[in-house]
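To start, the structure itself, in structure tokens.
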Amino acid sequence: MKFMKLGTRPDTFYTEEATRTVISDIPSDIVIQINDTNYLLHKLQFPLLPKCGLLQRLCSDSGDSDIVTIELHDLPGGEDAFELCAKFCYGIMINVSAHNFVALFCAAKFLRMTESVEKGNLVLKLEAFFMSCILEGWKDSIITLQNTSKLPEWSETYGITRKCIDSIVEKILTPPAKVSWSYTYTRPGYSKKHHHSVPKDWWTEDISDLDIDLFRCLITAIRSTYMLSPQLIGEALHVYASRWLPDTTKNRPPESSVSQTEELMEKNRRVLETIVSMIPGERESVSVGFMLRLLSIANYLGASPMTKTELIRRSTLQFEEATVNDLLFPLPSTSGRHSYDIDLVVSVLESLVVLWRRISPTASENSQFLVSIRKVGKLIDSYLLVVAKDVNMPVSKIVSLAEALPDIARLDHDDLYKAINSYLKEHPDLSKADKKRLCRILDCQKLSPEVRAHAVKNERLPLRTVVQVLFFEQEKGSKETGNKLLLPPELIRNHTPTIGDDQGKLKLGLDEKSSRGESTRRTITPAGNTEKDQNKMKRSDGKLPLELEKKLIIAETEETESEKGKEIRGEGMSRSKLDPKRIITKGSRSDNSRDKGRDR
């Protein structure tokens with residue numbers, strides 16, 4: 001940073017009861033009142049009036065009074081700027097830099113300390129310093145531009161703001177190989193000692209010091225040249241947002257204890273909405289992770305619906321590029337609330353589904369479309385596996401997100417099963433109704449053999465889900481072997497497990513001991529059926545056959561009544577668990593007799 005020294009005399013100003021004066025044997029004859037401060041100075045003994053055209057005119061209007069009092073409450077820069085001007089008139093040494101230039105220059109112009117009043121006056125010296133030093137420097141230009149926000153109208157009137165912006169834009173457009181000035185660049189893993197070349201985004205951190213209005217003016221000026229890529233503009237927006245907006249990717253305190261004032265919240269909303277309005281229209285200008293973070297901040301700050309809608313729209317277009325970490329936004333941690341903002345992901349996914357449905361029906365046959373939609377499906381299932389481990393996550397949130405995906409998005413349901421199993425493990429007290437609601441989203445026909453083998457022995461799953469897995473497992477096996485095997489009438493019967501411990505193991509990264517302990521294991525006992533039985537068992541909607549469905553409902557009802565009876569009697573005996581192979585025991589003989597009667 002460059003400085004300019006003016007004057008040689010030592011500082012003789014001192015304060016006495018809110019009054020500033022100069023040590024002198026000559027009594028003061030002019031009083032300058034600025035806000036709450038009075039300056040006792042001298043008109044002619046020191047060149048105060050000769051250098052200030054405004055004071056000359058005001059003193060001449062006051063008549064021949066011995067002591068003149070002048071009020072300058074509207075002086076730009078206030079007391080500090082006036083005192084620097086007064087010290088210049090007294091020949092006292094002052095230091096001029098980018099930090100105080102704006103206020104001093106505006107005050108000097110206001111006091112008319114120009115060449116027309118006296119040669120070698122302050123305004124001329126300041127203009128020379130501004131053009132030769134401040135505008136030639138990178139950080140000096142930015143500091144000066146930032147200080148114009150304190151006196152925006154005066155700075156615009158005297159041309160300081162425009163000249164600073166032009167100087168900064170000119171340096172930003174300089175090829176990186178020709179950048180010779182000092183700049184701030186603190187990206188993780190970057191070291192100037194090990195990198196001899198200047199990065200293309202070398203300028204983004206320094207301009208993030210600017211006020212949002214000045215930053216917007218600067219970015220607008222840069223974009224108007226069409227010389228920088230949208231990605232560099234997007235990087236500048238990302239750096240600025242990281243600097244000034246709250247970080248919603250970290251755990252936040254409860255909203256009730258947040259000490260932020262409404263004024264600060266309003267300021268942050270304004271910064272957010274301005275950044276969103278400046279995002280270039282090109283798809284790759286900013287990452288989807290950045291836009292999702294802005295959406296999370298918008299929800300936190302209560303931004304306008306227009307801002308949220310735009311962020312959802314932009315996030316939708318690039319959602320397939322997201323990672324699981326891009327979707328993890330903790331909510332304020334209060335008791336009884338889930339800690340991940342799953343509603344944010346649902347809103348973007350629903351917008352994406354609407355966009356998919358607008359595409360021509362033939363798009364489903366397009367390989368690129370299928371790759372894109374299944375990539376999103378894989379992302380959502382991976383995200384579900386993470387949030388399922390949250391002990392405070394309501395089952396309704398999991399179901400709403402899982403159901404938001406169209407069927408075509410999942411080639412198989414293996415990852416979805418892992419997420420469901422993880423949720424059941426972390427929520428052992430989940431009601432039967434919620435378990436059924438959760439497992440209803442699972443398509444047992446889309447499970448791999450390894451996952452089906454695991455599901456058959458998974459004690460966490462509801463009875464209905466296990467029966468579905470058994471049925472489709474046997475149906476698929478009968479098609480592969482050519483033997484049309486269907487579930488036998490004796491599907492539910494207590495017996496010793498016939499599947500060995502090593503058969504059908506699945507490495508899911510989950511705790512298998514709870515599902516493969518001392519409790520009764522569920523196994524399949526294939527048996528042949530007549531062709532008429534087989535036709536009766538089939539359904540076109542991929543669900544359980546009607547006969548099996550009815551018997552399953554009866555079995556579930558009996559299980560529920562058994563539990564209620566146990567609670568009423570208060571018996572200490574443990575209820576024998578229903579094995580999936582006893583579901584059709586009661587109705588098997590009557591079914592066979594009805595079939596025989598029809599055959600006759």
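Predicted model, so just to flag it, every value in this text is computed and none were measured.
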Item to complete: Answer yes or no: is there a side-chain heavy-atom contact under 4.5 Å between Tyr158 and Cys106?
Response: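 Result yes, sub-4.5 Å side-chain heavy-atom pair found.
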Worksheet entry | Side chain proximity check, Trp244 to Asn268, heavy atoms < 4.5 angstrom |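 No, their side chains stay 4.5 Å or more apart.
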Worksheet item: Quick one: CG on Leu384 to CE on Met393, what's the gap to the nearest 0.5 Å?
Response: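 Atom-to-atom, Leu384:CG and Met393:CE are 9.0 Å apart.
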Worksheet entry | Interatomic spacing from CD in Gln318 to CE in Met291 - rounded to 0.5 Å |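 Going from CD on Gln318 over to CE on Met291, the span is 3.5 Å.
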Worksheet item: Can you list every ring pair (Phe, Tyr, Trp, His ring centres under 6.0 Å) pair that touches residues 373-393, not counting sequence neighbours?
Response: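 Every pair satisfying ring pair (Phe, Tyr, Trp, His ring centres under 6.0 Å) with a residue in residues 373-393: there are none.
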Practice prompt. Name all pairs fulfilling the ring pair (Phe, Tyr, Trp, His ring centres under 6.0 Å) condition that reach into residues 211-233, sequence neighbours left out, sorted by first residue then second.
Written response: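 Those involving residues 211-233 are Phe215-Tyr240.
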How about [X] and [Y]: are their ring centroids closer than 6.0 Å?
| X | Y | value |
| --- | --- | --- |
| Trp203 | Trp181 | no |
| Tyr185 | Trp202 | no |
| Phe82 | Tyr39 | yes |
| Tyr423 | His427 | yes |

Using a strict threshold of under 4.0 Å (side-chain N to carboxylate O), is an ion pair present between [Y] and [X]?
| X | Y | value |
| --- | --- | --- |
| Lys418 | Asp414 | no |
| Asp211 | Lys267 | no |
| Glu403 | Arg440 | no |

Worksheet entry | Any side-chain donor near an acceptor of the partner, Thr248 and Ser296, under 3.5 Å |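 Side chains of Thr248 and Ser296: pair found under 3.5 Å.
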Item to complete: Scan residues 137-156 for pairs that pass salt bridge (Lys or Arg N to Asp or Glu O under 4.0 Å), counting only residues two or more places apart or in two chains.
Response: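 Residue pairs passing salt bridge (Lys or Arg N to Asp or Glu O under 4.0 Å), neighbours aside: none found.
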